[in-house]
Amino acid sequence: MIVPVLDFLRWPSRTPITWCLFAINLVVFLIMAPWHYEVQHELEKNYRDSFFLNHQGEFFAQFIQKNPDKFTPLMIQLAYQALSEERKSQQLLGSIALRSAPFVKKINDFVPSADTVSYKAWRQKVDKIFDLQDKHPSYQLGLDRAHLSWPRWVSYQFVHSGGLHLIGNMFFLLILGTILEPLVGSFVLILVYLFSGVVAAGTFLFFSSGTLAPLVGASGAVSGWLGLFSVLFLGQKVRYFYWLLPIRPYFGFVLLPSWVVTAMWVLSDLAGWLSSVDELGGIAYTAHFGGAAFGLVCGLFLYRRQAVSSTDPLVP
Amino acid sequence: MVFPDPSEGQRSSTNTLSQRSYSLAAPSDRLAAHVIDAACVAPVISLILSYWRRGGTEALLLGDQVAFADSFLSMTLAAMFLILVYLAGSWQFWGQTLGQRYMQLRVVSIWGNRRLSWRMSWLRSLVWILEWFLFAIPFLAVLSYRRRRPLHDRIADSLVVTLPHRSAGEPSRQELLLAKAGTQFLVGFSALVMASAWLLHRDSVPLLPGQAAAYDCSVIEKASERDSFSELAVAMTYYAAGSLSQECLDLAANEAARSEEQKGLVLLAKSFAWSERRDLSDKYLAKVCQVDQGSQACLLSEIIYLMNEKRWPLVSQKLSSASSADLAPFVRIWAVRHMSHFHLPETGLSHLQALPKWRHLSEFLSTYRTKLLWKKGKEELSKISYEAAVENIEGTGKTELQEWMCFHQLEDGCQQALPTSCVGLNQHAKEKDFRPLRFLTQVHTAECRQKLNQKPEWGPLKKIASKTPSLAFYVEAVEQIAKGNKEQARESLKKMTTALEGNTFPAIEVAHWQRVLDLSTDMATVEQAYTYWEGLDVTEEDWLALARKIIDRALDHHSWQTVAKLTQRMSAKLPWELADSRQFLTQLNLQSSSRQRLNALWSQALQGRQTTSQRLPASAVEVKEKDTLQEGNSKDHLEGKRQTEATKFDGHGAAL
């Protein structure tokens, strides 16, 4: 394991905004957690119903077949397989159908070729799932194409879908925030955070037009800080901590160029984005790019104004 | 600070190992260098591999295993090639990788303290990669080998060196221990991985090829192409015969629903496919006749309704009222099952004959032909059919037929030589694959052997039954019965009755009560068995078998009043609307001796109206009177009429 330790984490008095943002994210998560898990559990229970999943897959496949122009070749192929009596494809389509924007948009008008009992049973379940989604924190505070009110553009930045999601984002938030805040100031940092989040959301909505999965998490905003860091610390060396075994000398620090952080982050995101299938959801790579690009522009602007020395090593 | 290139300015140098100008690198630094390499290079490699990764993901989603394997292999080879190029190129041109540069390490040749030649660089790189396929075990030599040279260093004649102040020196005791522990851990871990892979692979191989083939959905299409039946009708037939999974049936129903044809059959198929979801299944079933009145699907849905409510006589009535020539194969399958359970072999065989000869129906056809012929009393023909069936059937179907045949052959009476159907069954007498019918058959075999003094094997049976008290008591009781110790047998059965309150197998419970009734000396036992029978939820065959035994025993005890009382109670408790007790007794298909006794009692009842009216169930007396009035008092004539009525009622001549 190797992680950048750009500087020792500074105490809240020196980096108030970073720790404030950390606290807000944490508090929001802790408040939402019981609520989130309760609704999530209920949702998952509904999705475990094989009757619902199979029939939803069957109907979604019929919808794709009737509207092929709205779907990718992969989805069209999956629909073909589902209608050729392949259960796995049916179940896969069933599990992602309610995230598909074209399908959900037309769900009330679409009547599949099916017996009435199956159709009614499926519709009842769909209505139940929509009710549950309305109660879900990720759907209430997250951002998706169907819910674009302005508070959501900010609120989504403070909501996380799980413990690991929060830990990952907060880890980089603290690492980057504690080094950037003394350098650029609290006001600039919070502005970059919020606007990076907004730009990240915009990028996500632009690139992911077919999905209704809500965008949540601070990663877009933190990507903005990464872009800022990449410019401001260009050509400098920073300290990394490596941990191989829990005995000396198998852990320690090493000085590496700052671009390693950027490469690790951006290239990994790029690889993830290129290899991912949009319809399956997961990590919003495009939001990361948008956030990072905004941070990069801010960094260039600040770099000119503040003329941060590239020869002055921040870490001995 | 970066460690200087020792080869610079020394290309003609003759430095030898004895002239050391370097220090051996510490294993921790070498490992850290590779971690840094991974951090720097892995994102680049993963970016290059993203094309194959996406292809692999898509292939996985589409279930295209060939394309997935292709992508996976391409990705692995590409990753190996990129790592190979990165390592070999770094060592050849710079004598160090990026990570080694930051950890101040350098890879040098042992022959002159300089950079590796291109051949050695590529060789070292290749061996380094291959060592990962040995679960990284060869890397541990860096901790234990005196000069810290793992396999790749020894093959490429190389050393990893560093600045003197970072020198590791020779392996310490701690490092040796770490190498040992690491080797043991990696060997154990790799063994575990390989064992798991083997187990997973083993489980993925179908144990019973016949079974695996039975649930191939494409069989529907093949049969449909050959005959003029719709795919859904074929699927329904195969499903009813036990040759098709619910999943295939559901998929066939979906396909038919898309073409908006056979709406009733679609609903019926759905009700079968989702039978585990009772609420949904019932909804489907209720709609069948609404959308497709008068169809075969509607007829079967009505039959299923009646079966669910255990209204067996009405099922028989429904089946016999339908035009036999027009029955769809999927209805016939249900008809055959019903006729077999209710001892109506003639009708069952006629339906069996009319079924199409599809390949995946062969197991059903041969199994039920064997059973129906046996029930018809054509034991020899049944045995011939059985011999042909076991030749062609595979898997559990074969074993179940063997068990059934063995059970019935032994029930028919103990023979000197063990029936061929029983040979081999006892070889599988293992606890882990316990099956009630097999167990009963084994007990039956031992009982016969005991009676014929042929060294019965009670030991293995007792071992199988040892963990379940009720089974142990059952084996003990049968052993005592076979030895002629009736009193001890009764004791064991009494203990088993108490033990039954826990949980056991319904078929064995029925067998137990049959034994209890066989040994009964008083009517209290018959009443007790009847009380049990009332709450019984087993197969129709077991249910009827026990009912027959209860009536038989009551007749044995010459307790006409009890017979009347029991039949009346049975009628009252039954969910269907029986016309009278006689119909029920007809349905029971009583043994001929019992029928004779009952007829005698009935005759007595007819002779003395005043006395019998107190004993006979009112409904029975009414029927008798009606018969008598219409047909006169001739006993023979009356008997003939009863026979006709019974035949009319259930399509079979089990008259009283």
Side-chain angles (χ1 to χ4, degrees), chain A residues 1-3 49-51 54-55 58 62 73-74 77-78 81-90 92 112-118 120-121 237 240 242-245 247-252 254-257 259-261 263-277 279-280, chain B residues 26-29 31-33 35-36 38-58 61-63 98-99 102-103 168 174 178 217-218 220 247-248 250-260 263 266-267 270-271 274 277 279-280 283-284 286-287 291:
Chain A
M1 188 182 79
I2 183 163
V3 288
D49 178 356
S50 57
F51 175 85
N54 293 339
H55 283 84
E58 163 80 21
Q62 287 185 23
L74 173 71
Q77 177 68 17
L78 272 174
Q81 289 189 183
L83 296 177
S84 307
E85 305 189 2
E86 205 180 274
R87 188 62 106 196
K88 278 184 183 170
S89 302
Q90 239 178 39
L92 178 67
S113 302
D115 62 89
T116 47
V117 178
S118 303
K120 277 183 186 168
K237 280 191 178 173
Y240 282 72
Y242 65 92
W243 188 88
L244 311 168
L245 288 172
I247 47 169
R248 279 193 175 278
Y250 290 89
F251 59 86
V254 62
L255 286 173
L256 293 176
W259 61 259
V260 174
V261 185
M264 276 167 67
W265 185 296
V266 176
L267 290 181
S268 299
D269 271 353
L270 201 59
W273 180 56
L274 290 174
S275 58
S276 66
V277 176
E279 289 84 355
L280 294 184
Chain B
S28 56
D29 286 351
L31 191 55
V35 172
I36 294 168
C40 298
V41 180
V44 181
I45 293 179
S46 83
L47 185 63
I48 297 168
L49 298 183
S50 57
Y51 168 75
W52 288 289
R53 261 178 73 191
R54 191 187 166 90
T57 311
E58 287 189 357
L61 294 177
L62 293 170
L98 214 55
Y102 290 113
M103 293 308 292
Q174 268 184 333
L178 191 65
C217 299
S218 65
I220 305 166
E247 190 179 312
C248 293
D250 189 41
L251 290 167
N254 284 347
E255 197 178 351
R258 282 199 291 277
S259 59
E260 302 200 350
K263 288 184 177 174
V266 167
L267 289 163
K270 284 273 183 186
S271 81
W274 296 99
R277 297 279 302 272
D279 53 332
L280 275 168
K283 279 183 190 168
Y284 282 122
K287 285 263 177 189
V291 301

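Numbered from 1 within each chain, the chains take letters A, B, ... in sequence-line order. Predicted model, so just to flag it, every value in this text is computed and none were measured.
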Residue selection (most heavy-atom pairs with chain B, distance under 4.5 Å) from Ser84(A), Ala121(A), Ser276(A), Ser89(A): Ser276(A)
Working for side chain to side chain contact (heavy atoms under 4.5 Å, CB included), residues Tyr284(B) and Ser118(A): CA-CA 8 Å; Tyr284(B) 282 122; Ser118(A) 303; 2.5 Å; yes
Check ion pair Arg277(B)-Asp49(A) (N to O, under 4.0 angstrom): yes
Chain A contact via Val44(B) - which portion, at a heavy-atom distance below 4.5 Å: both
Top contributor to chain B interface from Pro257(A), Gly272(A), Pro112(A) [non-hydrogen pairs under 4.5 Å]: Pro257(A)
Distance-minimising heavy-atom pair for Ser46(B) and Ala271(A): OG-CB, 3.2 Å
Side chain to side chain contact (heavy atoms under 4.5 Å, CB included) evaluation trace for Leu251(B) with Gln90(A): CA-CA 10 Å; Leu251(B) 290 167; Gln90(A) 239 178 39; 3.6 Å; yes
Closest non-hydrogen atom pair between Ser275(A) and Thr57(B), with its separation: O-OG1, 3.9 Å
Engaged part of Ala263(A) at the chain B interface, taking heavy atoms whose separation is under 4.5 Å: backbone
Choice from Leu78(A), Val117(A), Leu74(A) maximising heavy atom contacts with chain B below 4.5 Å: Val117(A)
CD1 on Ile48(B) to CG on Leu267(A), rounded to 0.5 Å: 9.5 Å
Proximity breakdown for Leu267(B) and chain A, heavy-atom pairs closer than 4.5 Å: side chain
Winner by heavy-atom pair count (cut-off under 4.5 Å) against chain B, out of Thr116(A), Asn54(A), Val260(A), Leu83(A): Leu83(A)
Region of Lys263(B) that comes under 4.5 Å of a non-hydrogen atom in chain A: neither
Heavy-atom side-chain contact between Leu274(A) and Arg54(B) under 4.5 Å: no
Portion of Leu178(B) that has a non-hydrogen atom of chain A nearer than 4.5 angstrom: side chain
Residue part contacting chain B, namely of Leu270(A), when any heavy atom lies under 4.5 Å: both
Full working for side chain to side chain contact (heavy atoms under 4.5 Å, CB included) between Glu58(B) and Val277(A): CA-CA 8 Å; Glu58(B) 287 189 357; Val277(A) 176; 4.2 Å; yes
Engaged part of Trp265(A) at the chain B interface, taking heavy atoms whose separation is under 4.5 Å: neither
Gln81(A) side chain to Leu62(B) backbone, donor-acceptor under 3.5 Å: yes
Parallel, tilted or perpendicular: ring planes of Phe51(A) versus Trp274(B), cut at 30 and 60 degrees: perpendicular
Non-hydrogen side-chain atoms of Asp250(B) and Arg87(A) separated by less than 4.5 Å: yes
